[in-house]
Every structure is written in C-alpha cells, then in structure tokens.
Amino acid sequence: KLLMLLMLFVLDKELNSVYNKLKKELKDTDKKNLVEAQKAWINFRDLNCKFKSQDPGDGGGPYENKMKIDCLIQCTIERTKELKNLIGGL
C-alpha cells in the first residue's frame, strides 16, 4: 500500500506540472474554464473512486483502500494524458 501511495504522489506531481504548463498557454477565459474543469474533475475522480471501491458488506478494510488508491492512480494517469494532448494544440 505504501508503494501505491508513493506512486500516486509522483503521478499527482506530474499531473500538476502538466496542468500548470497547459494553463500558461491559455488566455484568461480559457484559464478560468480549465481551473473550473480541473476542480470538477478532482471532485468526480475522488467520488467515483470512493464509489467503485466501496465494499457493501462491511464498509471498509485494506482491500477497499487498495482498490481506491488503484482507481485514483488510473484516473490520474488518464487525466495527465488528456491534458498533455491539449498542450500546444489549442
């Protein structure tokens, strides 16, 4: 689990770097829209991963935590790819 948390931390740093690079390329209106979209995406990611990892039986445990972290990792990887594809293309 610790290794997965470290991986999530590294991936989140990469996402923030890509996000900030994209943000620098945008006009003010587009920057505002990107900020709003990113906040909404973070909220969606967190709630979606919480939902996907819930154990309806006992409501928790190490398996649930691993599933949530894995979901966060996969979503972060995909969002980073999505933002990278926008850099230089707008």
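Just so it is clear, the model here is predicted, and its values are computed rather than measured.
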key: Whether over 12 other heavy atoms sit under 6.0 Å from Lys31 NZ   = yes

Criterion side-chain contact (heavy atoms from CB on, under 4.5 Å) against Leu34, the qualifying member of Leu86, Thr29, Leu26 = Leu26

key: Test item: Asn16 side-chain N/O and Asp12 main-chain N/O as donor-acceptor pair under 3.5 Å   = yes

request  = State the SG-CG distance between Cys75 and Leu8, to the nearest 0.5 angstrom.
outcome  = 10.5 Å

query = For the atom pair CD (Gln74) and NZ (Lys52), what is the distance rounded to the nearest 0.5 Å?
reply = 9.5 Å

inquiry  = I'd like to check Leu83 versus Gln38 (side-chain heavy atoms, cut-off strictly below 4.5 Å). Are they in contact?
reply    = yes

task = Take Arg79 and Glu82 through the test salt bridge (Lys or Arg N to Asp or Glu O under 4.0 Å) and record every step on the way to the result.
result = CA-CA 5 Å; Arg79 180 64 173 174; Glu82 181 181 7; 3.1 Å; yes

query = To the nearest 0.5 Å, how far apart are CG in Asn33 and CG in Asp28?
reply = 11.0 Å

ask   = Are there more than 12 heavy atoms of other residues, nucleotides or ligands under 6.0 Å from atom CE of Met4?
value = yes

message = Testing the basics here: between Thr80 and Leu11, what is the closest heavy-atom pair and its distance to 0.1 Å?
response = OG1-O, 4.4 Å

message = Rounded to the nearest 0.5 Å, what separates atom CG in Leu72 from atom CD1 in Ile77?
response = 11.0 Å

ask   = Are Ile87 and Val35 connected, step by step, through hydrophobic side chains (Ile, Leu, Val, Met, Phe, Trp, Tyr) whose heavy atoms are closer than 4.5 Å?
value = yes

key: Heavy-atom pair of closest approach, residues Gly88 and Glu25   = N-OE1, 2.8 Å

From CH2 (Trp41) to CG (Leu15), nearest 0.5 Å = 5.5 Å

request  = Kindly confirm or rule out an SG-SG distance below 2.5 Å between Cys49 and Cys71.
outcome  = yes

ask   = Looking at Asn65, Val10, Ile69, which hits side-chain contact (heavy atoms from CB on, under 4.5 Å) with Leu5?
value = Ile69

ask   = Which is it for Glu78 and Arg45 under the salt bridge (Lys or Arg N to Asp or Glu O under 4.0 Å) test, yes or no, and what are the steps along the way?
value = CA-CA 11 Å; Glu78 290 304 312; Arg45 177 199 64 183; over 6 Å; no

Pairwise distance NZ(Lys50) to CG(Asn48) - rounded to 0.5 angstrom = 12.5 Å

